[in-house]
Amino acid sequence: MTSPSPLMPTYVRQPVAFTRGEGAFLFDTTGRRYLDCLSGIAVNTLGHAHPDLVPALQDQVAQMIHCANLFEIPLQDQVAELLLAHSGMTNAFFCNSGLEANEAMLKLARLHGHAQGIDVPQIVVFERAFHGRSLATLSATGNARVQKGFEPLVEGFIRLPFNDLAALQALAARDAVAPRISAVLLEPVQGEGGITAATPEFLQGVRSLCTQHGWLMMLDEIQCGIGRTGRWFAHQWAGIRPDVMSLAKGLASGVPVGAVLADGPAAGLFTPGSHGTTFGGNPLAMRAALTTLEVMARDGLVAHAGALGEKLKASLTAALAGTPGFVEVRGRGLMLGIVLDRPAGALVKQALDAGLVINVTADAVVRLLPALIFTEAEADELVQRLVPLIRAFLQAPAS
Ligand SMILES: *Cc1c(COP(=O)(O)O)cnc(C)c1O
């Protein structure tokens, strides 16, 4: 380090700058090639420089980048119609990021509570959840490190242990006396929390409690949605449908976007003037989302993610089985976590040195989020390069 950085130090950055990508590969300033197993944290659904996305965006930039939401934006209707067809939901709102989508959901939960005559509506959230870094979404997040220093937190959240249906049932019974709860918010697969899936029984149990008590079931599918787990949306594995769902990361393959889909009572809560955004759903983002969704459907990428993920999970599990310090490979589709018994942050740099881009979350979980265009050969390369690194890491004496 010579001169101080002109950037606020919100990230500890790896000492590499990528200048170009192609499919599942990234190239740094020296021209060195890396296998991208992170996709910008589940963002680059179609990988880098996809041959359908590049010309679509070039065409869109030449036509129009931005148009205010004071006018009709037909691309928004097109993207909404595809998302509704895949989800069975009723209508959509577009914004620019994950936390914005979650903010909109939290506002819907408050509107819903007030509509039911609850003066101070409460939203049930869960331990180890991650919902973003605005004041409301960090308050909903179940991670003290995300909240520290930003008190006073936004009120109106009740936190329970994840996957503990009995705890939610007990809360529901207490709440029935003088109802305060208006919604339950959870990730079908906790991403930042360590690739921890809600069990199907938990999702089904939350669904029936929400229906029974008139609460909105709100799912944060920002990381696990858009085909990543092998279904269009991760909750579909449990055979249920939420009342509201937030999307972002993978929806537009890298152009910033967020979306909220609503169903049933939640679909009619926002009215003109009650919510809005300047950039949200602009033509550039919508063209990127439309192209992403069209290519995913045309090329069968959702089923591909599911099948390739099963193979990848099986190969990683087989290759690491019996290694002291290896716990399990968990997750589904192309959202996998290799759980180790110790903090593993140092692996990120070691993997980079070996030409692999990975991530470690929740201290001890190696997180793999490759693009949905990942091939079998690329999955093999990932296993062949990553497994020896993890073995060596686990054998090295603790430093
Ligand atoms: C990334 C993420 C968010 C926040 O999205 P931003 O675009 O960074 O605001 C919220 N929830 C989940 C589950 C996420 O993975």
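As the structure lists them, so they are numbered: ligands from 1, and atoms in each ligand from 1. If you're wondering where the values come from, they're calculated on a predicted model, not measured in any experiment.
- Remark: P256 engages no residue in a side-chain contact (heavy atoms from CB on, under 4.5 Å) (not counting sequence neighbours).
- Across all their heavy atoms, T137 and L99 have their closest contact at CG2-O, 3.7 Å.
- For C95, the side-chain contact (heavy atoms from CB on, under 4.5 Å) partners two or more places apart in sequence, or in a different chain, are F93, E100, A101.
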For ligand 1, list all ligand N or O to protein N or O distances below 3.5 Å, rounded to 0.1 Å.
unit_1: ligand 1; atom_1: 7 (O); unit_2: G98; atom_2: N; d: 2.8
unit_1: ligand 1; atom_1: 9 (O); unit_2: L99; atom_2: N; d: 2.8
unit_1: ligand 1; atom_1: 11 (N); unit_2: F130; atom_2: O; d: 3.2
unit_1: ligand 1; atom_1: 11 (N); unit_2: D220; atom_2: OD1; d: 3.4
unit_1: ligand 1; atom_1: 11 (N); unit_2: D220; atom_2: OD2; d: 2.7
unit_1: ligand 1; atom_1: 15 (O); unit_2: Q223; atom_2: NE2; d: 2.8
unit_1: ligand 1; atom_1: 15 (O); unit_2: K249; atom_2: NZ; d: 2.6

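- M89 and L290 fall within a single hydrophobic cluster, where Ile, Leu, Val, Met, Phe, Trp and Tyr are joined by side-chain heavy atoms under 4.5 Å apart, directly or via other members.
- For P200, the side-chain contact (heavy atoms from CB on, under 4.5 Å) criterion is met by Q204, A238, not counting sequence neighbours.
- The neighbour count for E155 CD, taken as heavy atoms of other residues, nucleotides or ligands under 6.0 Å away, does not exceed 12.
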